[in-house]
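Both backbone and side-chain heavy atoms feed into the values below; hydrogens, waters and symmetry mates do not. In what follows, every chain begins at residue 1, and chains take the letters A, B, ... in the order their sequences are listed. All figures in this text were calculated on a predicted structure; none of them were measured in a lab.
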2 protein chains.
Amino acid sequence: MEKELLLLGILRRQELHGYRLAEFIEHNLGSCTDLKKSTAYYLLEKLAAAGWVAFTQDQAGKRPARRVYRLTEAGEAAFQRLLRQHLAAFTPPYFTDDIPLAFMDLLPPAEALGLLEERRAAAAEHLSQLRAAPAHPGPAQWMVAHQIRFLENELLWLQELEEHLQSPSTHPTPLSE
Amino acid sequence: MEKELLLLGILRRQELHGYRLAEFIEHNLGSCTDLKKSTAYYLLEKLAAAGWVAFTQDQAGKRPARRVYRLTEAGEAAFQRLLRQHLAAFTPPYFTDDIPLAFMDLLPPAEALGLLEERRAAAAEHLSQLRAAPAHPGPAQWMVAHQIRFLENELLWLQELEEHLQSPSTHPTPLSE
DNA sequence: ATCTGAATAGTCAAACCTGACTATTCACAA
DNA sequence: TTGTGAATAGTCAGGTTTGACTATTCAGAT
């Protein structure tokens with residue numbers, strides 16, 4: 001339900017139609033969520049069916065009427081409940097990028113090393129993109145901060161992984177001690 | 001395609017029928033992937049349609065015939081290609097748990113703090129579960145190691161977040177400097 | 001005045017994923 | 001030998017997500 005929570009939280013601040021909402025998410029939260037435009041439309045209909053948002057038709061000129069969504073009272077209650085519930089919960093994430101690590105041993109160490117260096121370069125690039133971002137002040141601050149924190153840790157981890165591949169003996173194996 | 005890569009990599013080592021495959025994943029990789037049994041069946045059919053795996057009917061007694069899947073040559077080629085491609089790539093993960101952070105400021109700081117403490121306790125619990133796991137040696141070593149590394153960083157980050165909530169002035173705000 | 005490409009606004013079929021369900025076999029206790 | 005619960009093996013309807021598509025409006029170039 002986290003995506004629903006996000007939509008509720010945004011609509012709570014200001015009423016919007018689907019396109020604006022999706023645009024807002026893409027521009028402000030693009031680095032923190034994978035919610036796509038078509039998913040947003042889908043979820044808006046679901047929220048409307050649940051009575052958590054309502055909409056009015058906004059007929060401007062001859063173009064197809066836009067649905068302008070706003071939070072209902074039931075929606076506000078749901079938002080409050082979901083916010084608390086999900087703030088207290090911890091869900092371990094799954095890293096799809098980790099799957100190839102399970103088969104690294106099938107490659108010549110030198111090749112694996114080269115590929116991991118590519119990966120680390122991509123991660124480093126991504127991190128500097130994030131750091132360079134317009135530093136827009138807003139509710140996404142903590143989300144971005146966490147993402148940065150995560151990436152910094154990833155870079156360290158990838159470096160250690162590479163060091164292990166270079167000289168397995170002098171560097172600790174994963175779960176060792 | 002990472003999930004497909006995982007299935008290919010497992011079938012490459014040994015031919016299996018759907019149930020064994022799903023069981024293997026659940027037991028050995030449960031903490032690292034969210035691949036479910038029914039998804040495995042779905043993907044197996046997809047892989048078969050693509051010609052990357054083939055199956056033989058294994059009729060034992062009166063029970064419905066089991067499909068025993070094995071890697072084809074095309075599957076081996078695909079595996080080699082996908083392994084290199086995904087080992088070199090970096091895909092930023094999205095943390096659904098971060099979404100509520102965007103709305104933390106709507107709660108009284110004391111309440112937010114309490115909820116975050118719950119979250120950190122859950123994360124710590126999860127970490128010790130992982131650490132206590134049977135330390136099965138296998139190809140999943142690096143995946144588990146990464147997960148542990150990630151969780152350690154998460155705990156530190158949550159602690160800092162809590163400290164900031166307790167005394168915003170003396171602890172740095174997210175993107176500050 | 002008209003043309004063109006970008007921005008706006010949204011739809012839809014197809015792909016993906018999952019929980020809940022069915023059905024058989026097996027171990028073993030009663 | 002019969003009943004019971006766990007393990008085995010898989011299916012399927014329904015929910016979710018997405019890329020690709022349509023269609024309108026608008027700003028500025030020609």
Asker: With hydrogens left out and only the distance checked, is there a donor-acceptor pair under 3.5 Å joining S38(A)'s side chain and the base of dG19(D)?
Answerer: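 Counting by modelled atom types and ignoring angles, a donor-acceptor contact under 3.5 Å is found here.
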Asker: Does a side-chain N-to-carboxylate-O contact under 4.0 Å join E111(A) and R84(B)?
Answerer: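 Yes, E111(A) and R84(B) are salt-bridged.
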Asker: Closest approach to the side chain of K3(B), judged atom by atom: which nucleotide of dT11(D), dG19(D), dC17(C) is it?
Answerer: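 Of dT11(D), dG19(D), dC17(C), dC17(C) is nearest to the side chain of K3(B).
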Asker: Between dT18(C), dG10(C), dT8(D), which one does the side chain of Y41(A) approach most closely?
Answerer: dG10(C)
Asker: Nearest to the Y42(A) side chain among dT8(D), dA9(D), dT17(D), which nucleotide is it?
Answerer: dT17(D)
Asker: Which residues pass the salt bridge (charged side-chain N to carboxylate O under 4.0 Å, His left out) test with E15(B), sequence neighbours left out?
Answerer: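 E15(B): no salt bridge (charged side-chain N to carboxylate O under 4.0 Å, His left out) contacts found.
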Asker: Side chains of F95(B) and Q147(A): does their closest heavy-atom pair fall under 4.5 Å?
Answerer: yes
Asker: Taking the side chain of H17(A) as heavy atoms from C-beta outward, which of dA9(D), dA9(C), dG19(D) is closest to it?
Answerer: dA9(C)
Asker: So if I take every side-chain heavy atom of Y19(A) and compare against dA9(C), dC17(C), dT17(D), which nucleotide ends up nearest?
Answerer: dA9(C)
Asker: Give a yes/no answer on whether the side chain of R66(A) brings an N or O atom under 4.0 Å of OP1 or OP2 in dG10(C).
Answerer: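 So the side chain of R66(A) is outside the cut-off, no N or O lying under 4.0 Å from OP1 or OP2 of dG10(C).
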Asker: Is the distance from OP1 or OP2 of dT18(C) to the nearest side-chain N or O of K36(B) less than 4.0 Å?
Answerer: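 Looking at the OP1 and OP2 atoms of dT18(C), one of them is under 4.0 Å from a side-chain N or O of K36(B).
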Asker: Taking atom types as they are modelled, is there a donor-acceptor pair under 3.5 Å from the base of dG10(C) to the side chain of K37(A)?
Answerer: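 Answer is yes: a donor-acceptor pair is held.
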